[in-house]
Amino acid sequence: MVIEGGWITDIDSSRPPVPEGATVIDVQGKTLMPGLIDCHTHPAVVDMDVTGMAEWSPTYVAARAARALDGMLRRGFTSIRDVGGGELGLARAVEEGYFPGPRIFYGGKQLTQTGGAGDWRSPSRQVYDANYHTPAIGVICDGVSEVRRAVREEVRRGAHHVKAYLSGAVDSPSDRVDSTQFSLEELRAMVEEATAANIYVAGHAYTSRAINRGLECGVRTIEHGNLMDESSIPLFHEHGAFYVPTMVTYHALARAGEQGHLHGEVGAKLEDVLDRAIGALELAHRSDLKIAYGTDLFADMHDQQLEEFVLRSEVQPAAAILRSATVVGAELLGRSGELGVVAPGARADLLVVDGDPLSDIRVLTRPQENLKVIMKDGGTIKNEL
Ligand SMILES: [Zn+2]
């Protein structure tokens, strides 16, 4: 394989002549594969106290996010989708090499209705700080015109997608997991504005009631979906939508809860969704949905980013999970052929693995030992060969 200027230019099993002046890496019979893509991350949500963090200095948060990004790259993730909190500045810092990290596809703030999952005020708090540059995850918008403005603000800041809460969340202070959020009018306006800018809407949703409203309005990716039932399957197929499960975060939160790091109401909501996650994935796999790899970890939990492979292997074969973390992720990002494949014309985002992930997916969960080479855009992040 020949790499030039960050791109794969030639692959030839008959050993192409080595271009003059090239650096040669002999992979010694190990597995060569594309860099991984995590389609649901929050590197800028840097503390378990998410509501307290919303009042921190954004530069301090960025410094802590840098460490999370570096860790992701060293686990083999060369591209990520940030679905809340990360924005233009973080993506640019990586792009220009100030922070080592994966390429970031970001959506900026998550759109939330008043009292929705991204409204992090405690129930007794009236004031909402609308300053965009506070490290809060959400932006509150109510009614069609505020929703349109919120989408246009994200488009103005270069968003690759717009993320919206279609239902309650586990980590939010005042809403219910089984609620639906935003009116159909608001959702349609959101999709219309995103589509106008050639981007798409990603929707956070747990129940089929919330998922189906989103899909019917044109939301293109469904995040989490733990409480999904059969009624959502035809809608995914009809709209060509993607499903992004994030099982590992619930397991990580449950462990944090055991150590006393969770508020009481969060722990109770967690129980509802933890056990159902694997059933939703099994349903999605059996129904041949387009499933992307997502983790949804934050604060100090990023080191469990590769555990999602192990959790999914209970119901999916290794090849399907690897596709989720490569080609399907690339398709979701609108970068088919450029990311998630080892082929001429693709970016040289590459891993050399000691072991065969197709026969044992767990080899990927020990990157320090088993990732011998990590390359992003043809640049060497790690080379032990
Ligand atoms: Zn998330």
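Counting starts at 1 for both ligands and their atoms, following the listed order. Residue numbers start at 1 and run along the sequence shown.
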A.B. asks: Closer than 2.8 Å to the Zn ion (ligand 1): does that hold for any N, O or S atom in E223?
C.D. replies: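 Short answer: no, not a single N, O or S atom is under the cut-off.
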A.B. asks: Please check if the number of heavy atoms outside Y98 that lie under 6.0 Å from its OH is greater than 12.
C.D. replies: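 Not more than 12 within 6.0 Å, no.
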A.B. asks: Check all N, O or S atoms of D296 and name the one closest to the Zn ion (ligand 1).
C.D. replies: OD1
A.B. asks: Angle at the Zn ion (ligand 1): provide the value between NE2 of H42 and NE2 of H40, rounding to 10 degrees.
C.D. replies: 100°
A.B. asks: Between E223 and R81, is there a salt bridge with N-O shorter than 4.0 Å?
C.D. replies: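 So R81 pairs with E223 through a salt bridge.
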A.B. asks: Can you tell whether the side chains of E216 and R213 come within less than 4.0 Å, N to carboxylate O?
C.D. replies: no
A.B. asks: State whether a side-chain donor-acceptor pair under 3.5 Å links D38 with T295.
C.D. replies: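 Checked: D38/T295 side chains pair up, N/O donor to acceptor below 3.5 Å.
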